[in-house]
Number of protein chains: 2
Amino acid sequence: MDHEHNHDACIEQALSSADEICARRGVRLTPMRRKVLERIWQSHEAIKAYDLIGQLSSADRTVKPPTVYRALDFLLEQGLIHRIESLNGFVGCDRPQKAHQSQLFICRDCGHVSECGDEGIRRALDREAARQGFHTEARIVEVRGLCARCQDRAAHA
Amino acid sequence: MDHEHNHDACIEQALSSADEICARRGVRLTPMRRKVLERIWQSHEAIKAYDLIGQLSSADRTVKPPTVYRALDFLLEQGLIHRIESLNGFVGCDRPQKAHQSQLFICRDCGHVSECGDEGIRRALDREAARQGFHTEARIVEVRGLCARCQDRAAHA
DNA sequence: GAGAGAGATGTTATAACATAACATTCCTTA
DNA sequence: TAAGGAATGTTATGTTATAACATCTCTCTC
């Protein structure tokens with residue numbers, strides 16, 4: 001959970017937004033895919049594939065890795081989640097409407113991941129790419145450190 | 001191998017630079033660590049831990065994963081190599097002298113990895129971090145795409 | 001409403017990446 | 001030359017991810 005917001009609403013908003021996007025694109029947000037997305041949205045921290053597998057499995061029915069990885073692939077393709085390379089984890093995408101690069105700020109203490117779509121960062125990367133004659137297809141930007149809240153907490157301890 | 005340069009000289013330069021840096025810091029570039037570094041410098045492409053294990057093993061002596069991972073950890077700590085998160089691979093660091101963030105441009109075709117230390121990118125990230133009150137500890141920037149040379153090659157094919 | 005075909009999911013097995021825990025060796029230095 | 005720390009060796013296992021093939025399900029067409 002996060003910086004006091006109504007997280008239930010947050011989840012609901014994410015899911016209905018996903019429904020809408022998939023409907024518009026003519027792709028299917030199947031029950032499995034939707035369940036995976038819902039689990040990912042349970043928090044604003046990165047969740048790992050095998051944690052999802054555990055959570056989606058029960059005594060009588062174990063979900064197998066390929067099932068979850070396929071759902072994750074779909075959600076990634078549709079831009080509904082982000083993969084965090086440095087954590088082998090996944091988080092919901094804040095702004096699935098518009099294709100955008102993910103610039104992720106990851107707190108090492110509370111695990112909170114926040115996303116931004118700063119044009120300045122993008123431009124700086126594009127400038128350097130242009131200088132090299134490099135044709136950019138994807139940008140991975142992950143900043144590790146301490147979020148404001150955890151700095152406060154540390155200061156008062 | 002890379003964009004026609006004298007790669008042997010490149011390797012040698014990297015190794016002697018590493019020798020010097022380690023001597024200055026009072027840390028030991030042991031034979032194993034040096035061998036791993038040398039292998040990594042065989043090309044400007046990312047190499048994976050298990051490829052290193054394979055290359056360093058022979059019929060009579062197999063190198064075990066912890067051995068290689070420990071050498072990699074040392075080289076990372078000393079800033080002599082970079083880890084590429086999106087590839088689970090490693091490359092030699094161009095400028096091991098000065099601590100610097102790695103901004104890596106990775107060609108999906110030839111695998112070439114080039115490094116830059118652009119201040120503009122760093123500043124843009126710091127600006128956004130400041131806006132969020134985020135205390136940055138590490139920056140991971142990996143740009144995937146096609147290098148100039150591979151674009152040319154594609155255009156003439 | 002039977003069959004074809006695509007898309008999604010299930011299943012088995014294994015590949016690929018990484019580390020914990022403990023034993024041994026090697027290197028320095030007092 | 002013994003003690004202690006650093007490095008490496010060894011065994012085992014934990015974690016992350018995918019290949020390959022079987023089955024199911026939905027929709028569309030005839």
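Letters go in sequence order (proteins before strands), and every chain restarts at 1. Every heavy atom of this structure was used, including side-chain atoms; hydrogens, water molecules and symmetry mates were not.
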**Request:** Check salt bridge (Lys or Arg N to Asp or Glu O under 4.0 Å) between B:Arg127 and all other residues, then give those that pass, not counting sequence neighbours.
**Result:** none
**Prompt:** Going through the checks in order, is the side-chain contact (heavy atoms from CB on, under 4.5 Å) test met by B:Val141 and B:Leu125?
**Reply:** CA-CA 10 Å; B:Val141 176; B:Leu125 289 171; 4.0 Å; yes
**Message:** Any residue in residues 19-28 of chain A with a heavy atom nearer than 4.0 angstrom to DNA chain C? Just list them by number, or reply none.
**Reply:** A:Arg28
List, one per line, each side-chain donor-acceptor pair under 3.5 Å for residues 58-68 of chain A, sequence neighbours excluded.
residue : atom : partner : partner atom : Å
A:Ser58 : OG   : A:Asp60 : OD1          : 2.8

**Request:** State whether B:Lys35 and B:Glu38 are salt-bridged, where the test is any N-O pair (Lys NZ or Arg NE/NH1/NH2 against Asp/Glu carboxylate O) under 4.0 Å.
**Result:** no
**Complete:** Rounding to the nearest 10°, end axes of the helix from C:dG1-D:dC30 to C:dA30-D:dT1 built from five pairs each make an angle of 20°
**Asked** What do you reckon, is CD of B:Glu137 surrounded by more than 12 foreign heavy atoms closer than 6.0 Å?
**Response** yes
**A:Met32 CE to C:dA8 C1', straight-line distance once rounded to whole Å** = 10 Å
**Message:** Using 0.5 Å steps for rounding, measure from the CZ atom of A:Arg83 to the SG atom of A:Cys93.
**Reply:** 16.0 Å
**Complete:** Protein-proximity profile, nucleotides 11-19 of chain C, B/S/- by nucleotide at the 4.0 Å heavy-atom cutoff, equals BB----BBB
**Prompt:** side-chain contact (heavy atoms from CB on, under 4.5 Å) with A:Ser16: which residues, sequence neighbours excluded?
**Reply:** none
**Message:** Over 60° means perpendicular and under 30° means parallel, so tell me whether B:His5 and B:His7 are parallel, tilted or perpendicular.
**Reply:** parallel
**Item:** Pairing of B:Asp19 and B:Arg34 as salt bridge, 4.0 angstrom limit
**Value:** yes
**Item:** d(CG, B:Leu29; C1', D:dT8) in whole Å
**Value:** 15 Å
**Request:** Look at the side chain of B:Gln103 and the backbone N and O of B:Asp118, then say whether any donor-acceptor pair between them is shorter than 3.5 Å.
**Result:** yes
